[in-house]
Amino acid sequence: MNDALYHDALMALAKDRTHAAALPPGTGVTVDNPLCGDRVTLDGKLENGIARDLRHKVRGCALCQASAAALARVLDGKPAATAIAEAQVAVESVLAGGPAPAPWDAFAPVARHKSRHDCVKLPFSAVKSLFSGT
Amino acid sequence: MTLRRHFPLLNRPGPRIAYLDSGATAQTPDIVLDAVRKFETHSRANVKRGVHRLAEAATEAYAKAREQVAAYLSVSADEIVFTSGCTGAINLAAHSFGTLLKPGDEIAVSELEHHSNIVPWHMLATRSGVKVNFLPIDGEGRVVVQTLSPRTKLVALAHVSNVTGAVLDVAAIVAEAKRVGARVLLDGAQRTPHGPVDIPALGVDFYAFSGHKTFAPHGVGVLWAKAELLDAMPPFLGGGEMIASVTTQGFTPAKAPAKFEAGTPPISGAIGLGAACAWLATLDWAAIAAHELRLTGRLLDGLRAVDGVTVIGPQGLQCRAPVVSFDLADAHPHDICQIMDRHGVALRGGHHCAQPLHAKFDLAGTTRASLALYCEDADIDLFFAGLAEAKRVLT
């Protein structure tokens with residue numbers, strides 16, 4: 001059953017526009033999921049290893065939107081390498097049915113839907129590409 | 001309609017499954033399952049190679065399947081090539097017919113094609129220097145028949161769009177193709193589940209379709225081509241059973257269709273497809289077409305009444321198959337499909353392997369309901385109940 005998949009906390013993340021932006025083509029990095037056509041564009045900068053001004057543009061499902069919003073929330077203003085690693089651990093845990101801190105705990109119901117895991121992971125591909133080498 | 005009773009999966013215990021994803025894979029009736037089971041339990045063996053009784057029976061069943069498929073298409077069995085699917089069939093045509101083309105020759109496809117009728121031609125273009133042109137589509141997702149370049153050697157189009165449900169104006173395409181001396185290939189994957197196809201009446205040169213969309217097992221498909229073309233085309237894959245002789249110096253190919261069926265063919269799938277075609281040929285297609293069209297009308301009318309919905313495809317029922325794709329503003333197709341699944345409604349969301357079409361409509365994807373002869377009003381009722389919840393949750 002997927003009753004709880006689109007629960008309030010997850011939908012709140014999906015609709016969180018704090019770091020959303022109308023990024024013009026050529027801005028930041030863009031990654032695609034060729035199977036479903038979802039696309040995440042992520043922009044931001046590093047200042048002494050600190051992630052700054054993270055903005056995302058997601059053409060994708062609610063899970064992808066929520067993941068991008070969550071990722072921007074936990075990264076912005078933090079040491080990028082550490083924050084990305086911690087977020088990666090959290091999302092892998094929650095998608096495997098394990099515990100995870102907020103905001104990743106909102107993705108717990110996705111664990112049962114393997115076909116949707118890539119929706120959550122796509123923003124991670126974007127951020128790794130954006131900050132590759134960190 | 002009472003045809004649903006023939007499909008065991010749709011009658012399994014538990015909540016009703018509103019299976020509206022037949023455009024991806026149709027369900028399989030008892031008569032097909034029985035035919036496959038009979039083969040697997042009474043005569044499973046390889047074809048053409050053995051002389052023992054099982055091999056004889058398998059070979060006979062495989063040959064019968066070819067006859068049954070040929071009858072469904074009103075063509076000769078010698079012109080039926082079993083493939084791995086519709087994609088395999090089009091790739092066969094692209095590789096084999098493609099070797100007869102010269103650099104500078106042109107192939108026309110359209111913006112609405114499934115990737116399986118685009119990518120093989122792009123690959124051919126890369127290999128051989130032919131040029132691939134795209135016929136435009138109109139605002140209703142129909143191919144616009146326009147003047148073809150005199151260098152056009154092949155026009156390859158979907159008989160029915162897997163996204164918009166638009167039925168191709170085959171007569172107009174064939175007339176224009178003949179004017180410039182081009183051959184015509186139809187991708188019939190979304191057409192063959194909706195009744196027998198009179199290929200000679202269509203006047204085309206190639207016809208491809210898949211088994212699993214035509215109530216048969218996965219892993220089998222068909223390429224039909226005129227005998228003169230099959231004779232002229234070189235083999236695609238090499239191996240056993242496709243040769244007349246092999247020496248250390250080379251080989252001589254067998255005659256068609258064996259020439260194009262290297263290795264062990266999809267025997268069980270072909271037997272299932274033959275049984276499906278034979279069963280479909282016995283049905284009252286005037287009644288089924290009217291039934292499918294009425295349900296399609298219910299979908300179109302109901303979707304038009306939902307605020308934020310745009311149907312991508314013909315708005316009316318004329319020249320339309322029961323395939324309805326739509327966009328719901330601010331809701332992603334996968335999220336819609338996920339919520340609809342909770343209501344037992346099976347839909348397809350995404351670009352449906354038709355990215356150029358979606359780019360034309362400036363969409364990443366759509367949500368698609370594709371019907372088949374077993375669909376009923378109760379399925380449409382569930383569809384709209386699920387859509388109401390999806391709209392409430394997502395928008």
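Small disclaimer: the values here were computed from a predicted structure and weren't measured. Just so it is clear: chains get the letters A, B, ... in the order the sequence lines come, proteins before strands, and each one is counted from 1.
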Quick one: what part of B:Ile336 sits under 4.5 Å from any heavy atom of chain A, side chain, backbone, both or neither? neither
Hey, what do you get for CD (B:Gln338) to OG (A:Ser115), rounding to the nearest 0.5 Å? 6.0 Å
dist A:Tyr6:OH -> B:Arg392:CZ (nearest 0.5 Å) comes out at 13.5 Å
Do B:Asp335 and A:Arg116 come within less than 4.5 Å of each other through their side chains, counting heavy atoms only? yes
Check A:Pro34 against B:His351 and note the closest heavy-atom contact, atom names and distance. O-NE2, 3.0 Å
Check A:Lys15 with B:Asp330, please: is the shortest side-chain N to carboxylate O separation under 4.0 Å? no
Can you name the ring pair (Phe, Tyr, Trp, His ring centres under 6.0 Å) partners of B:Phe361, sequence neighbours left out? none
So A:Asp38 and B:His332, do their side chains get closer than 4.5 Å, heavy atoms only? yes
A:Leu63 side chain near B:His334 side chain, heavy-atom distance below 4.5 Å: no
Sorted by chain and number, sequence neighbours left out, side chain to side chain donor-acceptor pair (under 3.5 Å) with A:Lys121 holds for none
Examine whether an atom of A:Arg39 lies under 4.5 Å from a heavy atom of chain B, and if so say whether it belongs to the side chain, the backbone or both; otherwise answer neither. neither
For B:Val393 and A:Met11 the tightest heavy-atom approach is O-CE, 3.6 Å
Assess whether atom NZ of A:Lys78 is packed by more than 12 heavy atoms of other residues, nucleotides or ligands within 6.0 Å. yes
